[in-house]
Amino acid sequence: MKYYSQTSSGFKVKDFSIKHTVESAQPLTFYADYDLDNGLIEYPSGRNFVKVAAKAKGTRTSVMLKSSNMAAAKRDFAGRFGLKDDMDEIYSRIDTDSFVHEAIERYHGMRVTVNDPWETTLCFIISQYNNVKRIRLIVKNFVKAFGTDIYDQNGKVIGRSFPTSEELMGFGESDFRKQGAGFRAKYIASAAEYCTNSLDLYKLSAKNYDNLKEELMEIDGVGDKVADCIALMGYGSMDAFPIDVWVKRTLERMYFKGRKRTIKQLHRFAEKRWDGYRGYAQQYIFHTGRNI
DNA sequence: ACCCAGGCGGGCG
DNA sequence: CGCCCGCATGGG
């Protein structure tokens, strides 16, 4: 085992709020082991572990990273938190009405995160018919039970990896139930096998949204909504517009006078209205809807 | 106690 | 295609 010493590196980002981003419940991987009030977050990235200390100053955030592999940590952080996204452009494109406008002001700097595809798949299989608090708890349990330790240069444990699909194949449905997965345990067992032996998630691309979604829906436990979540938060496909109970309710309330609409009708509505950056629109709607 | 949560698969008409 | 059901579990 080769150990690397941890180094630190700092930088500033415009129009970036790590607080809104993490609180918006999209990187479910931040399994509650963070201290957001003090801007402290830490998470595994493969076999690397990234510690983040962030300070907000107006619409700017200064970020300090600490990791054993700084190059990988910077790459991962920038990728995960959508730091390349042109927020001026995005805001101007999704700012179609007063509701979205206020959401943008309220959660200024919230990014759409792009996480590891398998990690996203597992998190959102767990998310179905569940609430955010419990999802994070179950994900945390999975990391603790099925992940592996990550060490610093002195052999001291600094964190734990997110379990790969292959690693999960060493366990079964009953093990997943013990970690709180409930009826989703059978989906997880099936998905772990499928994503290890039949579908290489790392060869899929966000370029063709329809094809990506079709492939993802072949996974047991992944339907229309979860596939959209994976497409958006695992691949960064801005064509995806996941409609969960919150988004559905909020759209009906804000755009249809509270009248019920089908998921299909809402998809059609969003497709035209926020074409190009649907994923971003969805995240602002979701986060606002949960906090009205 | 009752209701709900970032839904899905399966069965039915 | 649409509709309806069961599903595990913990928190409000």
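Computed from a prediction, not measured in an experiment: that's the story for all the values here.
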May I ask you to say what A/Q179 touches in the nucleic acid, namely base, sugar-phosphate or nothing, with a heavy-atom cut-off under 4.0 Å?
-> nothing
Identify, residue by residue, the members of residues 225-256 of chain A with a heavy atom below 4.0 Å from DNA chain C, and return them in order of residue number, or none.
-> none
What pairs with A/D95 under salt bridge (charged side-chain N to carboxylate O under 4.0 Å, His left out), at least two apart in sequence or on another chain?
-> none
Is there a side-chain contact between A/S190 and A/Y187 (heavy atoms, below 4.5 Å)?
-> no
Could you check if a side-chain atom of A/K178 sits within less than 4.5 angstrom of a side-chain atom of A/D175, using non-hydrogen atoms only?
-> yes
Under the side-chain hydrogen bond (donor to acceptor under 3.5 Å, both in side chains) rule, what pairs show up with a residue in residues 259-273 of chain A, not counting sequence neighbours?
-> A/T96-A/R273, A/D97-A/R273, A/T262-A/Q265
Set of salt bridge (charged side-chain N to carboxylate O under 4.0 Å, His left out) partners for A/R253, sequence neighbours left out = none
Apply the test side chain to side chain donor-acceptor pair (under 3.5 Å) to residues A/D15 and A/Y91: give CA-CA distance (whole Å), side-chain angles for both, the deciding distance (0.1 Å), then the verdict.
-> CA-CA 11 Å; A/D15 300 326; A/Y91 285 151; over 6 Å; no
Using the side-chain contact (heavy atoms from CB on, under 4.5 Å) rule, pick out the option among A/L201, A/N211, A/V226 that qualifies with A/L216.
-> A/L201
Where each pair must be Watson-Crick or G-U wobble with both distances under 3.5 Å, what dot-bracket representation of DNA chain B is obtained, with crossing pairs in [ ] and other-strand partners as |?
-> .||||.|||||||
Counterpart residues, ring-ring contact (aromatic ring centres under 6.0 Å, His included), relative to A/F256 (two or more places apart) | A/F269
When A/F124 and A/M217 are each assigned the nearest nucleotide of DNA chain B, the 5'-most assignment goes to A/F124
Can you tell me how far P of B/dG7 sits from CG of A/L122, to the nearest Å?
-> 16 Å
A/E173 CD to C/dA8 C1': how many Å, rounded?
-> 12 Å
Length of the CD1-P vector between A/I125 and B/dG7, whole Å | 14 Å
Rounded to whole angstrom units, what separation is found between the CG atom of A/L28 and the C1' atom of B/dG7?
-> 14 Å
I would like to know whether A/F162 and A/F142 meet ring-ring contact (aromatic ring centres under 6.0 Å, His included); could you show each step before the answer?
-> CA-CA 8 Å; A/F162 193 92; A/F142 267 59; 8.4 Å; no
By salt bridge (charged side-chain N to carboxylate O under 4.0 Å, His left out), which residues pair with A/K248, not counting sequence neighbours?
-> A/E252
Residue list, side chain to side chain contact (heavy atoms under 4.5 Å, CB included) with A/T21, at least two apart or on another chain = A/F16, A/Q26, A/F81, A/M110, A/R111, A/T113
Rounded to whole Å, CD1 of A/I188 lies from P of B/dG9 at a distance of 13 Å
Atom pairs, protein N/O to nucleotides 11-13 of chain B N/O, distance under 3.5 Å:
none

Separation of C/dG10 atom C1' from A/N130 atom CG, nearest Å, is 9 Å
Applying ring-ring contact (aromatic ring centres under 6.0 Å, His included) to A/Y194 and not counting sequence neighbours gives none
Please measure how far the P atom in B/dG11 lies from the corresponding atom in C/dA8, and state the result in whole Å.
-> 16 Å
Is A/V245 reachable from A/V247 through a run of hydrophobic residues whose side-chain heavy atoms are each under 4.5 Å from the next?
-> yes
Taking CD1 from A/I138 and P from B/dA5, how many angstroms apart are they, rounded to a whole number?
-> 16 Å
Residue set satisfying ring-ring contact (aromatic ring centres under 6.0 Å, His included) with A/F241, at least two apart, ordered chain then number -> A/W274
Can you name the atoms? Protein N/O to nucleotides 1-7 of chain C N/O, anything below 3.5 Å, with the distance.
none

